[in-house]
Structure formats: C-alpha cells, structure tokens
Amino acid sequence: MDNVQKTGIGDVCPSKKDKLELSEVRERLSEARGPQYWRTLDELAQTPEFAEMLHREFPKHASEWTDKSSRRDFMKIMGASMALAGLSACTKQPLEPIVPYVKQPNNQLLGKPLFYATAMPLGVYGTGLLVESHEGRPTKIEGNPQHPSSLGGTDVFNQASVLTMYDPDRSQVNTYLGETRSWPEVLSSLRGSIEAEKAKQGVGLRVLSGATSSPSFVAQMQQLLKTYPQVKWYQWEAVNRDNVYAGAELAFGQPLETTYDFSKAKVVLSLDADFLSSGFPGFHKYTREFSRRRRPELKEEMLRFYAVESAPTNTAAKADHRLHLKASEVEAFARALASALGVAQVGGEFKEDQKKFASALVKDLQANRGTALVLAGDAQTPATHALAHAINGALGAAGKTVSYSEPVDPFAATSKVEQLRQLTAEMNSGKVDMLVVLNTNPVYDAPADIDFLSALNKVGLRIHLGLYQDETAKYCHWHLSGTHYLEQWGDTRSFDGTVSFIQPLISPLYSGHSESELIEFLTNEDEATSYALTQRYWQSQHSGADFKSWWDRSLHDGFVAGSASPAKPVTASAKTALPAITAAASGLEIIFRRDATIFDGRFANNGWLQETPKPMNQVCWDNPVLMSVATAKRLNLKSEDEVELELNGRKVKAALWLTPGHPDDAITVTLGYGREKAGRVGSGIGFSAYKLRASNALWNAGGVRVRATGEHYGLASPQGHQMMEGRAIVRAATLEEFIKTPGFAHEMVEAPPPGLTMYQPYEYKEHKWGMAIDLNSCVGCKTCTVACQAENNIAVVGKDQVKRGRHMNWLRIDNYHEGSPENPNTYFQPVPCMQCENAPCEVVCPVTATVHSSEGLNDMVYNRCVGTRYCSNNCPYKVRRFNFLLFSDFDTPQLKFQRNPEVSVRSRGVMEKCTYCIQRITHARIDAEEENRKVRDGEVMTACQQACPAEAIVFGDLNDSGSRVSKLKASQRNYGLLEELNTRPRTTYLAAVRNPNPELES
Amino acid sequence: MTESVLHGVVAEFITPDELVSACKKAYAAGYRRMDAYTPFPLEEVADAIGFEKTRVPLLTLAGGILGGLSGFFLQYWVHTSAYPVNVGGRPLNSWPSFVIITFEMTILFAGIAAVVGMLTLNGLPQPYHPIFNHPRFTAASRDRFFLCIEAADPKFDLEQTTHFLEATDAVDVAEVTD
Amino acid sequence: MAQIFHRSANSIAKASILGGVILVVGLLWAALQLQRSPYFTYAGVARPQPVPFPHQHHVAGLGIDCRYCHTSVEVSGYAGVPPTKTCMNCHSQIWTAAPMLEPVRESYRSGRSLSWTRANDLPDFAYFDHSIHVNKGVGCNVCHGRVDKMNLMYNQASLQMEWCLNCHREPAKNLRPHYVKQDPKDPATMGDQIFNMAYEEPSTSHPVTIKEGDRYKTFTSQTGPEGLGTYLVKVNNVRSPRDITNCNTCHR
Amino acid sequence: MEQAPETKASATLERLLPGQAPVLTPGHTLETITDKIVSIVLRRPVTLGWLGGFAFFFGLLNLMLFAMAYLFYRGVGIWGINIPVGWGFAIVNFVWWVGIGHAGTLISAILLLLKQGWRNSINRFAEAMTLFAVACAGVFPLIHTGRPWLAYWLFPYPNTMGVWPQFRSPLLWDVFAVSTYATISALFWFVGLIPDLATFRDTATNPVAKTIYGLLAMGWRGSARHWKRYESAYILLAGLATPLVLSVHTVVSFDFAISILPGWHTTVFPPYFVAGAIYSGFAMVLVLAIPIRRFYGVQDMMTLRHLDNAAKVMLGTGLIVAYGYTMEAFYAYYSGNAYELFMFKNRLLGPMAWSYWCLILFNILIPQVLWIRKVRLNPAMLFVTSLVILLGMWLERFVIVVTSLHRDFLPSSWGMYVATRWDYAVFAGTLGLFFSAMFLFVRLMPMITIFEMRLLLPQAKLSEEVAAHD
C-alpha cells in the first residue's frame, strides 16, 4: 500500500462527492488491521470509484505525471526554474551545504566515476555488464566488452534495469498481513514454522522461484533438499523456453542448448525466431555477428536472410525475404521444407503462395551447405525445433553455424508449465502448508486455465520475496522485500554457459534481502550474507591456494574464463517420430508474444521502458492488439478502436492497431500489461493477455473472437506516420545495384557542393566531431534510445504527453515501411541531433542559447534558453525536445540518486536535445590534455554508440583521417539526411543495402 | 497673488482673417515681443508675427543619425568583439541581418527627438502662463483668436499699444497682468 | 479665465519629468550594480561554519599544503573537502580537548559527517574542473584569493560568468609555472608555484626563473610576447580563447 | 439610443451628388464641433449600454489574467502546442493583433501625408485602436516563452553573464520593431491629443477633470509659435511612422520568411503581410466606427463617405492578399520542390484543409461584395463583412503557422495540433483587454480630433486677399 500512502501526501484534487479520495481510502484501511486490511482493500478494489481513483492518483496517463507539478506549490516551481536561470535571473543562490566523508574509502577518487563488472540475470540467462558508479551510486549500465554474452553491447532491459533499482515504488519494508516487520522479527517469527517443517522433513514445504542458472543458488537449493528430503522446488517463467528443450528432446533424445554462429553463416532462415530482439538469449552476440555479416562491402559474401514470421518483429524486418504465416502454420511449412530438402518425410505441403518463396529458399540452402543456418523461434512447436535441428544436421550446419551443449537451465527436463501445474495440484490437494515464492508472480502471469490464486489461498503459510508488493505478494501472508541484482552478490550463466558474477554496486537501497539469504535461513537458520554464500560456494568449486587471485580476477573480469559449456557432438536423428501436426488454428488466430519493452511484465513499472516505443509499431505505454490491414478491413475495424477479445469464454478489452506485414486472419497481443499492482507507473495500463493464455496453447491459439465495443481507445505513438512519401530519407538499394553503382545514395538527391557559399566557411582546427550511422547494421532494437535516456537524465513524460507529441527522447528510431502493406520492407533510422554546420536552429535563437562550438558541435545551453521554441520549428529533423511542463522530477530522492551528475537536469520551459554526449567528450579531452596528447580515436564513445549491440553507430574526430568515423564517411554509401537543404549535418548515414535472392526479386 | 505685473495687452478676434491682418499690422508697427493664440494651426499667423523657422527638423535628423549608428554598432560590437561565436555558420559581421534593427533604432530615436524637441522648444510643460489670466482666454481653445503684445516689447507702451490694438478689428482689448 | 495651476507648477512639472527619467535610469543602474554586489555573489562574505576553521592559521601559520586536505585537486574535477579523519590526524594529538573542536570529535565518534557551508559555490549548471586548471598553471589564489590571509573562508571572486570569461579570454594573464628556480632565501619560490599563495608574477624588479629542459629561462614580465604567461600558454598547450569560451566548456 | 437625424440628410445628399457624401455634414461651426465632441465625454451621462458592454469585456480581460496566472504556474504545456507544432494560438494571435494595429498609424500618418482630409474624423480613435491592438499583441511574445520571467534577456543590457542577444534572430527584430512601433504610435497619438486636451481643460467644469486634463495638456495655449513647431513635429512623426508602419509587418513576416520551413520560407510574405495587416486593420476600424457613430450620433462627422473610403481600401488590400495566396500556390508549383508541393497539397487536402478553405471564403470570396456600392454605403452589411474579414485574417495566420508546421520534412515527426481551452481563454482575454480599453477611451478622451475637424470648416480658411497679401 506504499503507493497509496505516498501519492496521497499533499494531494490537491477537487473533492467531488462522486470521487473517492485517497484520504478516505487510507481512513477505511486504517481501521482495518491484519487480514481484514486486505479484504477491505479488495472490496474497495471492486468499486468503480476505486478504479477512478487509481486513474487519477497513479501516474498512468500523463495528466497524472504532470499533475505532480500541480501538487507542488507555485514558488517551488519558480524556484526550480529560477535555480536553472541562475544569478542573472535576479535570484540569489541559496547557501549550499557540503558534506565530506568521515573516513573516505580509499579506492574512491571523488568526482571520477568507477566501473564495476557484474551481470544481469533475465530469467535463466545472464548478461555480463560494466556499471558506472558515481560516489557509490550506480548510474549507468554498459556492456562488458570482454564478456562473450555481451561483447560490449547491451539491450533495453540492461539499460533500464538501473532505473528499476531506484524505483521508489519498490517494496521498502517486510510486511506480515500488511504490517511492517523488521528482518530480525521476520526471522524470529518464521523460526517456529521452519522447525515444524524440519520435523516432518518439509513434507509440506514448497518453494516456487523463477527460472535460474545460478550455480551457487542451485547448490544451495540442493542443500535445502538434503535438509528437507520431502521438500519440492518448482520454477515458473511465463516467457519460457519449454518448446526449445522439448524440441531438442525430440531431435536428440535429451534437452540441449542450441547456440548459433552467424559469423560463419551465409544463408539464414528464421522459423519465427526473433534473435535480433532484446530478450532473446544471445541477442547481443547474434546481433553483433549478424550485422557484421550484413556489410554490403562483403559483396557476394554478404549474408542473406529469409524470415518466416507470424508476429511482426524487428528481426524479420531485417530479412531480405519474408513469408508471413499464422504462428500455427509455421510447423507445416517446416515439415514441407524438411521434405523438400529430403531431410525427412514428415508430410506437409507448401501452399500455392509459398511455393515460389520455398523453391528459391530450398535452392539457396542446398547451395550453401555448411554455411546455411535454420533457427526456430522459442514460441514455435517442439516439432518445428526438431525439424530445424534435422535440417541443420542435413545441411552440415551442426558444428559450424550451430552448436549444441548442456542446457543452461539446469531444470530444462520438466517444462515450466508442467512444474506450475504440479504445484497447483499439490496446493489444491492441501499437501502444501508452507509456500515460499521467490521473485516470480504467478498470480499475475499464470496461464488462465491454471487457477493458481485459489490454490494459493489453500496454503497455510505463504511467504513472498520480491522487488515489489505485486499481485502475488498481495495474497501472501508475508512479503519480504527482495534485492535488485545491483544490490546483491550472486552468479548466473549466459546463453553459452559462461559463468558470470553478480556483484553489488550499492548496499540494498531498501534493506532488502536476496533469495539466497532467505533460502540459507530456511536451510541452516543462519544469516549469512549473499556475499558469504556466493564466495563459500565458489571456494568449494575452486579450492586451492590461488582462490583469492582467481576470485579477484573473475570479479574484475565479471566472468569465469573458459566456463562456457563445451559443445556436444550430437546429430539429430532424422527418423524421430514427430508428434502429429497440430491442425492450423481454425478462424481468427491469437498470437501471444513477450513484450518488446516490458518483457513478461516484470519491467512494467519502469518508465523508461514504458516510454520506449515498441520497435515495430512505435506504440508506447500500452499493448495494442495488432492486426493486418486486410483483416481489419474484413472485420471493418480501424486503429484505436476498442475491441473485446474473447477466447474460450474469457474476455478482455484492448485497443486495436493496424500493422503492415501482419499475417491475415490473426492477431498479436503482447504479455506483461494490465498489471494491478506494478506501481504508480505500470498499474492499470493496457490489458493482461495472460487472462486469455491457456497452458496448452502458450504462444498461439485459434478461434479468438474480436468485437468492436464502439469506444475509441487512444494510443500513444511518437511516430505518427511510417511512410516516406517518396522522399529520399532512408536510401536503400539491392546488393546488385550497390555493386553496379556504389554511389547510388548520392544519385537519389542532388546536394549542394561544399564550396557553394558567399562566406568564408568556419574551419574546425582542433577536433571536428562527427557521427556515422549504418542503416544496414541497425536492427531497430531501441537500446540506444534507452541508453541515451539513462546517460542524459531525460525525463519520462507519460502516455498523455506522448499522445500530444511531447515525448522527450533525444535519440529516436524512425521506422519506415516501403511497399505493400501485406509485405513491406521496413527500415530503421536512428535520428539524433544532426549537429549541422549550418544549423538552422542557431540563427533563429534570440538569446544565443544554441550556438556552435569551435569543434563544430551545436551546443544547447539550457540555462540560457527562454523557450521560444523557434529553434525547434526551424529544425528540419525535429530532433529538439521541449520541456512543456515540469517533466523532470526534482522531488523524489531515489530518482535524484540515479541521475548522471555530469549532465544538467532540465527544468520547465527549456529546449533540450542530443549533445553528442558532450560530458563524455569533455572528460576525454581533459584527460588527454592533462597527459599533453590528443584525444584518441575510440576514446570518446557516445552512450548510444556504446550501447549498440550491432555497432551501427560510430562517433569520432573527422579531422583524424585514420578514425573509424572518417573511414565510414569516406564510404560510397555515406549520405546526409536532407542534405539538399545545405544544413551540412555532422551526423550522416550509410545507405541500407538488401541482399535479395534474384529469383524472388521479380 | 503678489502685486500684479503687467504681462501685456490682448486683443480678441472672431475670424482668422482679422487676426492675421492685425498681426501683420503689429509687426509692421515694429512690435516683436508678441504672440497670437488660435484654436487650430494657422501657418500664416506665425509668419505674420515674424516666426518663420523651427529647429525641430534638425533635432529629428540628429536623433535619427544617432539612433542608426548606435543601433548598428551595438550589433556589430556584440557579434564581432563582445562575444564572437559561430552561429549557424554565418559570418560574425552578418550586416544584412543587422539592417532591420538599425532601421528601427533610427526611427525610434528620430521620433523621440521630434517630440521631445518640440516640447522643449515650446517650453512645455508650462501649466501656468500669465495669458491664462485673461478672462475670456478659454475661447482660445474653442473658437476665438487672440493677439497679445507683451509688456516686455521695447516699443510697448500701455496707452499707445492699447490704442493700436483697438484700431484693429478686435472685438475686445484687455490688459493681462502676471 | 482663472489659472488652474500655481506659478510653481511650471518648474514642478519640468522637474518631475526630469526626475522621472533620472529615477528610471537610476533604478536600472542600481539593479545592475546589485547583481554584482556581494549581496548576490557573497564575495568577501564569510560563511557560518559548524567549526570556525581558520585557513589563515593552518596555511600561513602551520604551512600546511593545500593538497594535504584538498587531495584530488590535481587529478579530479572536484578538489575534495577533507574527511573528518584528516582533521583527526592532528587533532587526536593536539587541541584534543578544545571545546571548539567538539563537533569534529563528535563526527569522528558517531560517524556522522560534518556539514560545512560551501564557500565557493557555482550554480548547478556550470561544470568546473579543478584538475585541468591546476595542470594548465592556474594558481589557487587566482580564483580563491589569499586563503592564507582568510580566517573564516569566503569566496573572493564573484564567480559570475563574466568573471570566468575574463580569464578564459586572456589566460596568459593568470598562468604561473609549476616549478621555478629555487631560492633558499626566498620562501616564496619554494615548492609548486600553483599552490604558492605568495607567488608574485614576474616583473623587472622581481624576475622569475623557470627550468626549461636542463637550462633556466628568466622572465621579467607576465604578458606580452616575452611574457611568462605567453610562454606558458605555448608550452602547456592552452587552447585558444575561442576554444575555451565555447559554451560547452562549462555547460552540459 | 438617440436617433441620428443627419442620416436622412446625408442620404438625400448622397442622391444629389453620388459618391460625394461630404466628409463633414454642412452646418457646423467651430462652436458646434467643439461642443459636440466635448459633450460626449464631459456632459453625456454614463449609459447602461456602455456599462453593460464594458462589464462584459472587462470580464473577458479577467479571464485572460486568470488564464495567464495558470499558464505561469504550470507552463506552456497547458496549450495545444507540441513538437512539431511549436507555435500555436499565441503566435497566431500576436500576428493578428499586430496586423490590426496597422490601420491607425496608417490612417493618421500616410493619409495625413496624402492630405486626405476625410481622415481627420477617424484618425484619433484609429490611433487609439492601434495602441490597444499593439498592447494585446505585445502580451503574446512574452507569455508564449517557456520561461517568461526571463524574457528580459531579449534586450541587450550589460549582464553578469557577459552574454548578449543574438541579433540575427527575426524574433529579436520583432522585439525592436514592435516596441518601436508601440512607442512611436503612442507619441503620435499623444501629440495629437495635446490641443484637444487643452480644449477639455478649458471646457471642463469639474475641478478634478480640469486639473487632470490640464496636466495632460501641459499648459498648451495655442500660441502661434507652438503651433508652428507642433505642426512640423507632427508632419515629421507622420513621415517617420509611414516607413515604420510598413516595416512592422514586414519584420513580423520575417519570423516566417527567414526560416527554412516549407510554407514559411516565402519571399512574397512581406508585401502580402502588410496588405493583410491593413486589410484587417480597416476591418477593425469599421467594426468600431459603425457602432460608435450610431451610438454617439456622430454620423455627421463620420459620414458614409468615410465608410465608403474604408471599404474601398479593404477591397484593394483584399485583392493584394488574394494575389499573395495565388503566388504562394504558384511558387509551390513552380519551385518544383517536393516539400513545397507537398506543403501546399497538405493545405488544400490535408487534415487541416478546413482552415484553408474557410480562409479563402472569408478573406477572398465574401469581401467581393464590396464591389457593390449599396453594400459600401450600408453600415450594417459593412459591419458584418468586416467581422468576416477579421475572422478570415485570423485564419490566414493559423494556416501559415500551424498547417505549415504540422507536416514538414520528415514524415516520422509529423503531428497534429489541437487548441486547448486555455488557448481560447487567452485569445478571448485579449479581446477583452482591447475592447475594455476602447470603452474607457471613448468615455475619457476626445475620440474625434477637435482641432483637425475645425480645419475642415470653411471659416477656418483664410480669405484669398489676406493669405495672398504681400
């Protein structure tokens, strides 16, 4: 209930009688105590007034976000703004305190950030990271270049995770039936029940956790199982890889981890696999290798990519040829393909409209034995996976582009759904009298046909440990506030099995405790810290004199060298009996997918991720129902219609969004929305697709009914229009054309020659910063956008403000569709400030707030800006962002800690924009000058560049002919956006080149 | 009111014609320190009493020149020496962009010079003036015309001057004291 | 017609108009002065401190080097305010009972930091870096004044943008060498001149000799082609005024 | 309201010599003119009609103050503006009001130089109108900024930052142009008032009024020497105001013409902005003159001749504006520039086409009725036409500002613009400010120039022999 109390304070909303005031809620609750507390809340929660109050009180739409400011009193706002205005705004600076350490930590050099290696677990898989820390505050996540799972790249979840750690809505106390309990109290009250369980060998004790690959934790659990022989440990992940392992089971008789090597691949076929989307295990490495193999400079060696996809993904957008199928039709296609390749006669015929595509594909695959690669998506049927393995085997991919190893998930053998089903059954049968739920939220994300909640309520003692007082916590007696990975010790394994260490950047912000600490207490009733536990385990693994040095090195590197799981020389048995093909869904098919920005809902309360537009449809702050234009026409629906989805009697309401390239007679919904207790940011937005999701059809199901309710349901999208209107914005060609005329990009538009000026052009003697963005490499994953937000303290504005066209992202990624709405080519174009040499924005600023630096940067001086917005009007790229209201949060202390101290926090009424991360440039320059040298190439990396897993963004000094950026700009593909306006942009693009199969081009 | 000093003799007329001819006579008669009062501007009257030229235009010109120069050089100085900085790749001395403000400053200064000049030369504001002591002077701002020969005039002599004015078409001749 | 106004009205009217003009101009002028006055800038105004720390005594009296307390001034943007530990290094030995020092001991015991009041406080949107200034040869007292003569700390300069610009436009005026030829008789030439409060810029009466490679070079003027400042701008690669008056030099 | 007897008279006269309705109905003397005008202020009691009207507009004025208070409290985000449409109602209103502010000085200055005697009866309140319109316009550049409390940074003054305004920015040109224009117009208006204030001083009976008018008149006594300097200063001001009035809207048009935005970057803007300004200015003059002459029964001084002339001016400037629109269209086509072409297509057929077509209807089609003499001589119809034109001119600015912005170069950043209730509140508020000021003005100041009206009388002329003498 923190939320209610917190937002309630100093709230000034017009008290109409029909409105339910927070004060009342608190009143009604205050009388209630213990269990009754919850019931009261539940009753309340039923009433429409409560819903209305949530709408009003919780920053779900921007009105609430901005109303935050209306809660502050007038002078305070002026104060904040004035402070930015500084002395010359006739304001006197207040006396500021300065508070030194008592004893200064000796590794700490004040004013200089430190970097620590750690790893972020997402379900089973971990990603190796470096985290920037200012005076003990983690502020920014970077990839770990040494780490095989990162190679220096990151994804949206990595970048945004730092905000989750500081989230003021995280649970800050342990509660018993809603009443606060200190940790010692928790332990002492639990002792009794633990003793009791010990006595009966834990026959009534069950543990439910998320999937994990942490060696130390697994060991700990085994310890627990020893202490309580009867105890059972279940795991649940809503976005799981059950099918992947089941597929391996079919093909090899054992669950295996499949890893791919794109660096050796020439022809790639994806059977509904979105390996270029954040959240796919190995995303960082695959994206890196894929984009390297897609350089058109490779000429004929350039990789060709075929995609068979159901739900539109940015992965398939990068494909040279796409086949849009219902999710349920992919298996049939795979079977037909296997037959066509003579791999296995498993039935299945290509449909008429697939034949052309298929025959070309088959030829291509056969022509590239050993360099071909077939991937099956996590959401595809086990059979599809088995077939993919078989085909890879037959094409000699195994050992070359594909390799197999022990599953990273130690519990791959039994599917997660099965585990949840068993637990539920046990709970219903009353076997369970003590349940420990660790960092998982089944009450919210369990399949609709598994009634987890009612089963849960049958358990005598329910203990929940997690970051939030979430839906599950709500129904547990105990909630123990957990720790974020940046607050705890531990370990995890990445997609290739490499063991990575999780080391804390900060001691638990809300004095939470890790899973391992709780389990340790259950096992031995001792209170060892996660540090002791992790070290104890590894000592046992790596006993010996050199442990200390080994440990220090591993912590420093962030991973255990050479711990990747060894490849298993297995071959797929072609004659495996595949299960009978599941008949293609009848009627309208519904496709369930993880959400591109909030995954399975665990990031629902992360404002950065909520405001990041979904890569393909550019919608944020919601999960619309995606549908093809043709189908919508047939059902005569249009975008932003509110529709009611009905599947097996279960109903939800949602907004419709028409999506080019969506298969007909199908709709796509993403998981993770419709949270009730996510927090002020994430509660009550979108709808929960879990309400429709059945355990036997996790990823797609037939026979969904779509009915327009007649209401309008507005969606927020920072990019209203996704067509190029025949303008040469993204310039693209086929490989053939590129080889014929490498300079095609320049022939599309005539740009004025550099000499064409009456004036003496400025020369930039010292440095001349510039950026080149390779449109061929960019996969549109949006990581750069979030990285920029984290690095530059960019405010979150909320859905309503985004709808009004006031989103603040300095770096946006534009999508453009080209061609038919059935099967368009989609291009991604990251658009930061172009840093024009003839900047149109500068000339029109009346107060010299935006001017050029001697290094050619278009400086924006926030504290000089009076906010005429003229510069934005005159910016042809519309990359400038304006603080229409007080968007930055100057009040919440946690959010202040998160901020990058090297970047001003912008107040109301000032313009802001991409600065090429001037703070990074300045620091590099100062370091260089102190060493009496020039800034080296690669020494300055912009946040977007550093975050990009695809190496699409390169920044550097144009005066240094040797720099990477100079080389790229020398490329024939290099062109300036709207260069015909003679703005002379410093940011330029390398034109996109597709590599289509000539057979299919006609 | 302190003991009264004679300010002059005032003659009142009904038509401008009468006033003008009276003025001409008086000027011919050698009177110089005199003034005529009319409810609307009449070029000829001023000429008749020998007041041909005004220095208002000169002042205005001066104001204009001052304004123009200061206007331009302020901009020039700001952008070339006060804080020279590259704005959108334009030259530091972008004189074409400076034209507008130069022009505006010219007009502004000239206009102010004209008005302030006119008022000061006219010795305004001057809410108190002996002529107001004339009992019927309110008519001067309505429909009557007045000629006042001041006592300060060397040729002034109460007797003669009064007679002289009575000899004109004046409907009334009266002394005005200060 | 009777007079509406008394004689005096004439002079009053004229006077009041003139007065009005003078008043307006005067107010504007006053406003501009006020902006630069200590009332706004705190220049020369000592701050209340939990412990009345006398720089004069510690610097001039005891000859403690700036860097003993402000440890990171040469390597970090932030000069560093000493942790309580630093105070206690000495004050656990001397003045151990001084009531004046109780807050320091208290802080050391309880582990709660002392809360000083900033003396040199820049607005939050101005990013100043100590290390680069020190490395390029800007002496402490160029900005901070004769700290060795200050009892309670105060900022000597206005710390306003125009003040910063003055130096950034003519860096030569304020640069000094790190090491000069040592003259045992003249303590002012001992040690690193950056931290030498008593440093005098070269003049014909007081030439400054610095080491260049293995030979010595003597200067008798600060600015001008033969000046020490001009020389240091060259050897320290101080960027051109145009470069260091970029907005992004201080604002991000 | 009292019935005006002269209307019949002038109507008959109209029949006798068509097109030659007199500027001043015969039968007036120095006496009657003075009395008639003076009595409106000094003798006429405050009527309910006046109170009602004033109360209404004063209410609107307070609405504006409220809206502005909330604006300063929350920020410009309470308006409909966004990225890409960074400018909305505020700038539209600004340009509209500045435009209206043109007629006054134009009438008093240019027509004075052109020796248009008929201007004498309307120039005074036209100038007042100018002042108030410019005041309304002046509100917007200030409040539309994100941080209005720092707007003074637009003026060059020796500040502690050592930073100066950026004189290449058209916005700064605006600041200078508009403030100069305001100052000069105010001077012009006040100088014109001095002799009439003297008349008021001498006619008023109430001592307080006497004193106040006396102070304002600064002791004017109609001395021949004073008149001479006065006349020369007045003519000089007119001479200065003439290029100024033409420059102001030229400069305003630069806000757009200097930018690179399709639909803004247009060389035809200066002339057609000026024409448009005069167009709307005269429309506003008529909107004010027609009721005033009716309610205050001054049809004998503001005769049908005035209305006729004003209508002709509108017709003329209206045609220039029409030409401007045509040229915009032509150059969009002739430039062959894809962005320009699209911009214009978007105006005609885009989501905001309604504004363009209304604009054409209100500004081009409907005003053509002014060709008909009957309409020009029919106050009621003129009044309506003028209102339509005012609306049309507002839409013109809306089309230029909003439709050009909402779809520019990169389709990815196209957006829409929807005004919020706060946009409307501020706009309505400025109307309140404007009309409240007008209401006060007609009650407190001579709304017709007395001394210049006197000049229109035959008895004000010198007879040949006296004039010719020596």
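From a predicted model like this one, the values you see are computed outputs, not experimental measurements. Just so it is clear, the values below take in all heavy atoms, side chains as well, and ignore hydrogens, waters and symmetry mates.
- For chain B, the nearby part of D:Gln459 is the backbone; its heavy atoms alone come within less than 4.5 Å.
- Using a 30° and 60° split on the angle between ring planes, B:Tyr76 and B:Phe72 fall in the parallel class, below 30°.
- Taking a cutoff of 4.0 Å between a charged side-chain nitrogen and a carboxylate oxygen, D:Arg124 and D:Glu452 do not qualify as a salt bridge.
- Using bins of under 30°, 30° to 60° and over 60° for the plane-to-plane angle, the ring pair D:Phe200/D:Tyr213 lands in the perpendicular bin.
- Contacts of D:Leu237 with chain B are made by side-chain atoms alone, with heavy-atom separations under 4.5 Å and no backbone atom involved.
- For the 3.5 Å distance criterion, the side chains of D:Arg168 and B:Ser94 qualify, holding a donor opposite an acceptor.
- Contact count versus chain D (heavy atoms, under 4.5 Å) is highest, among B:Leu19, B:Thr15, B:Leu59, B:Val87, for B:Val87.
- Heavy atoms of B:Leu121 lying under 4.5 Å from chain D belong to its backbone as well as its side chain.
- Among B:Ala82, B:Ala114, B:Pro57, B:Ala140, the residue making the largest number of heavy-atom pairs under 4.5 Å with chain D is B:Pro57.
- Listed options B:Val45, B:Asp47, B:Thr54 were ranked by heavy-atom pairs under 4.5 angstrom with chain D; first place goes to B:Thr54.
- For D:Pro165, the part lying near chain B is the backbone, with the side chain staying farther off; criterion is any non-hydrogen pair under 4.5 Å.
- A cation-pi geometry, defined here as NZ or CZ lying under 6.0 Å from the six-membered ring centre and within 45° of its normal, holds between B:Arg32 and B:Tyr27.
- Residue contact with chain D, scored on non-hydrogen atoms closer than 4.5 Å, involves the backbone and the side chain of B:Thr38 alike.
- Heavy atoms closer than 4.5 Å to chain B are found in the side chain of D:Pro156, but not in its backbone.
- For chain D, the nearby part of B:Val115 is the side chain; its heavy atoms alone come within less than 4.5 Å.
- Per-residue heavy-atom pair counts under 4.5 Å with chain D were compared for B:Pro39, B:Ala110, B:Gly71, and the maximum is reached by B:Pro39.
- The aromatic rings of B:Phe146 and B:Phe137 sit tilted, their planes meeting at an angle between 30° and 60°.
- Side-chain contact check for B:Leu119 versus D:Met218: some heavy-atom pair is nearer than 4.5 Å.
- With a 4.5 angstrom heavy-atom cutoff, B:Trp77 touches chain D only via side-chain atoms.
- In this structure, chain D has heavy atoms under 4.5 Å from both the backbone and the side chain of B:Phe51.
- D:Thr180 touches chain B through backbone and side chain together, each having a heavy atom under 4.5 Å away.
- With values rounded to the nearest 0.5 angstrom, B:His7 atom NE2 is found 10.5 Å from B:Phe132 atom CZ.
- Contact count against chain B (heavy-atom pairs under 4.5 Å) is highest for D:Trp227 among D:Trp227, D:Trp220, D:Trp164.
- Contacts with chain B were tallied for D:Arg221, D:Glu31, D:Gln166; D:Arg221 has the most, counting heavy-atom pairs under 4.5 Å.
- Between D:Tyr181 and D:His102, the two ring planes are tilted [angle within 30° to 60°].
- The greatest number of non-hydrogen atom pairs below 4.5 Å with chain B, out of D:Ala217, D:Ala177, D:Gly214, is found for D:Ala177.
- With a 4.5 Å cut-off on non-hydrogen atoms, B:Glu43 touches chain D through its side chain but not through its backbone.
- With chain D as partner, the option from B:Asp143, B:Ile101, B:Asn122 having the largest number of non-hydrogen pairs under 4.5 angstrom is B:Asn122.
- No other option in B:Ile107, B:Leu124, B:Leu74 has as many heavy-atom pairs under 4.5 Å with chain D as B:Ile107.
- Ring orientation note: the planes of D:Phe256 and D:Phe273 are tilted relative to one another, at an angle of 30° to 60°.
- Across D:Thr34, D:Val251, D:Val38, D:Leu240, the residue that shares the most heavy-atom pairs under 4.5 angstrom with chain B is D:Leu240.
- Between D:Phe188 and D:Tyr234, the two ring planes are parallel [angle under 30°; tilted spans 30° to 60°].
- Between D:Arg225 and B:Asp35 a salt bridge is recorded (basic side-chain N to carboxylate O distance below 4.0 Å).
- Looking at D:Leu244, the atoms closer than 4.5 Å to chain B (heavy atoms on both sides) sit in the backbone and in the side chain alike.
- Of the atoms belonging to D:Ser169, not a single heavy atom falls under 4.5 Å from chain B.
- Between B:Phe40 and B:Phe145, the distance separating the two ring centers is shorter than 6.0 angstrom.
- Contacts between D:Ala460 and chain B at a heavy-atom distance below 4.5 Å involve backbone atoms as well as side-chain atoms.
- Contacts of B:Ile112 with chain D are made by both backbone and side-chain atoms, with heavy-atom separations under 4.5 Å.
- Heavy-atom distances place the side chain of D:Phe254, and not its backbone, under 4.5 Å from chain B.
- One finds a salt bridge joining B:Arg142 and D:Asp35 here, because a Lys/Arg side-chain nitrogen approaches an Asp/Glu carboxylate oxygen to under 4.0 Å.
- There is no contact between D:Leu215 and chain B, counting heavy-atom distances below 4.5 Å.
- Judged by distance alone, the side chains of B:Glu18 and B:Thr168 never bring a donor and an acceptor atom under 3.5 Å apart.
- There is no side-chain donor-acceptor pair under 3.5 Å between B:Asn93 and B:Thr80.
- Both the backbone and the side chain of D:Thr199 come within contact range of chain B, with heavy atoms under 4.5 Å apart.
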